[in-house]
Amino acid sequence: MTQTINTICVQGGYRPGDGDPRQIPIYQNTTWKYDTSEHMGRLFDLEESGYFYTRLQNPTNDFVAAKIAELEGGTAAMLTSSGQAANFFAIFNLCSAGDHLVSSTSIYGGTFNLISVTMARMGIECTFVDPNCSDEELEAAFRPNTKCVFGETIANPALTVLDIERFAKAAHAHGVPLIVDNTFPTPVLCRPIEWGADIVTHSTTKYMDGHGATVGGAIIDGGKFDWNAYAEKFPGLTTPDESYHGVTYTERFGLEGAFITKATAQLMRDFGAIQSPQHAFIINLGLESLHLRMPRHSENGLALARYLSEHPKVAWVRYPGLEGDSEFERAQKYLPQGCCGVVSFGVAGGREAAETFMANLKLAQIATHVADARTCVLHPANATHRQMSDEELAAAGIGADLIRFSCGIEDAADLIADVEQALAAV
Ligand SMILES: *Cc1c(COP(=O)(O)O)cnc(C)c1O
């Protein structure tokens, strides 16, 4: 019996047997004991599945990863210590020195830095394309050594909506997978694999946790990309791994398991960016109410965006769910149930007006965080982008007037009343 997203949020991943703990147990141990060295040897050779060391696998993490895989409609998933680690692993599992990827320009600043600076130092080049570029520009971005395409469903903070079908089609025409960071919508609002994406990543730090309690990440494999059909591009998946007892991942684990097993056996083994089982437990508490929180975040986001769009002291509003927004049509297609709680807008009067607005907020909390149960708000020109002049900010596409407002799950009327009185002070 296939279950809906709502039910998977509550019961997915962990299905206790007779007399088992009802809630996911926290396996607070680093290691497992075995009676014979032979048994341990079979586990190390990946000939038998079982646990031996938490850096590689832990049951608590596996239960939570299995729930996230079910939610995204994937075949396998893994947790990582952060969203940054998830995106790094997802790309580095496919790209080595001398390889190339294509990425949307409209992505999280931390991911942009990871790809454009740190991965460049590893010899991996990237061509960035505007998510609204022409088909010719997208086509021209590919090279013979391109290994994947990367984008975000709803980009943080630009709030552009990726045309997943179009990017998947371009990637597949070149024999490479599409990786989509689905942090902002979560699988409750969009499931990129259903639109052709191959790998999905998350910063679980945001809505999945939802309570500002734990930093974490996840990678989900759709299990459909045929690595064997493009074997010469992906030798790491289709030829023996000498660093892991000569295992060939596609042969041993099939298309449904090869990607995540390789990422675990090689990247988690060597980089060690594991999620702690305690934190995985907390992420799961967030997942249990994700299907209830996302609609409320989205309703509040839309209500605030509509209110702001009519306010004389607001210069502009960007929210993909707002009628007339440049992303509205794509949002109707990919996000028919809502566009999450993040709204950005400009206070008429520029930097000074924005500062006055921020100083007068009472309910909305100033924080660098987004996508939390509590409404939080940031004025980038005075926080994350503080070192930049008004001219430099404009060049980076971040006006000095820009406010990033992340609607929580409080009552919309209270949020709007707070914004109303803060605007009145401007
Ligand atoms: C926050 C964020 C990340 C990075 O995640 P961390 O958990 O902070 O490491 C990656 N992608 C997106 C879209 C994000 O919002």
Side-chain angles (χ1 to χ4, degrees), residues 61 64-65 68 72 77-92 101 103-119 126 128 131 150-162 164 167 178-190 192 197 199-220 267-268 271-276 279-280 282-283 286-287 290 294 297 301 320 327 334-335 339-344 367-372 376-378 380 383-385 398 404-407:
N61 292 15
V64 180
I68 296 174
E72 287 288 7
M78 68 194 287
L79 301 187
T80 57
S81 55
S82 66
Q84 286 297 111
N87 282 326
F88 172 57
F89 279 19
I91 297 169
F92 200 63
L101 72 145
S103 171
S104 162
T105 45
S106 203
I107 55 174
Y108 175 66
T111 313
F112 184 78
N113 201 70
L114 167 70
I115 294 174
S116 65
V117 179
T118 301
M119 295 195 84
C126 181
F128 288 96
F150 184 90
E152 291 179 11
T153 317
I154 300 179
N156 175 10
L159 304 182
T160 50
V161 176
L162 187 72
I164 301 172
F167 273 69
L178 172 65
I179 303 172
V180 172
D181 181 331
N182 197 35
T183 296
F184 268 14
T186 81
V188 171
L189 300 179
C190 180
I199 313 287
V200 172
T201 59
H202 280 278
S203 166
T204 61
T205 315
K206 313 293 165 52
Y207 288 118
M208 280 194 172
D209 169 333
H211 299 77
T214 50
V215 173
I219 309 172
I220 303 94
L267 303 184
M268 205 52 103
F271 291 106
I274 59 163
Q275 179 60 272
S276 108
H279 290 178
I282 294 170
I283 290 167
L287 292 174
L290 188 64
M294 292 314 294
H297 282 295
E327 305 298 303
Y334 291 107
L335 301 148
C339 295
C340 86
V342 186
V343 180
S344 57
T368 52
H369 197 43
V370 277
D372 190 81
C376 40
V377 59
L378 189 72
T384 44
H385 297 68
I398 299 156
R404 187 182 70 184
F405 204 97
S406 169
C407 295

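Remember, it's 1-based here, ligands and their atoms both numbered in the order they're listed. For clarity, every value in this text was computed on a predicted model and none was experimentally measured.
When only non-hydrogen protein atoms are considered, atom 8 (O) of ligand 1 lies nearest to S203 OG, 4.1 Å. Nearest non-hydrogen protein atom to atom 12 (C) of ligand 1 is D181 OD2, 3.5 Å. Ranking protein heavy atoms by distance to atom 1 (C) of ligand 1, first place goes to K206 NZ, 1.5 Å.
Atom CD1 of I107 and atom CZ of F112 lie 6.5 Å apart (nearest 0.5 Å).
Checking side-chain atoms of D372 against main-chain N and O of G212 turns up a donor-acceptor pair under 3.5 Å. S82 places no side-chain N or O within donor-acceptor distance of the main-chain N or O of V215, the cut-off being under 3.5 Å. Without hydrogens or angle criteria, N156 side chain to F184 main chain gives no donor-acceptor distance under 3.5 Å.
Remark: ligand 1 atoms within the under-4.0 Å shell around heavy atoms of G216 are 7 (O). Taking every heavy atom of T205 and a limit of under 4.0 angstrom, the matching atoms of ligand 1 come to 6 (P), 7 (O). Interface atoms of ligand 1 facing N156, defined by a heavy-atom separation under 4.0 Å, are 14 (C), 15 (O). Interface of Q84 with ligand 1, defined as ligand atoms under 4.0 Å from a residue heavy atom, comprises 4 (C), 5 (O), 6 (P), 9 (O).
Any N or O atom pair closer than 3.5 Å counts here, and G83 shares at least one such pair with ligand 1. Distances between N or O atoms of E152 and those of ligand 1 include no value under 3.5 Å.
Heavy-atom separations between A86 and ligand 1 are all 4.0 Å or longer.
Under the 3.5 Å distance criterion, with hydrogens and angles disregarded, a donor-acceptor pair is assigned to the side chains of T205 and S203.
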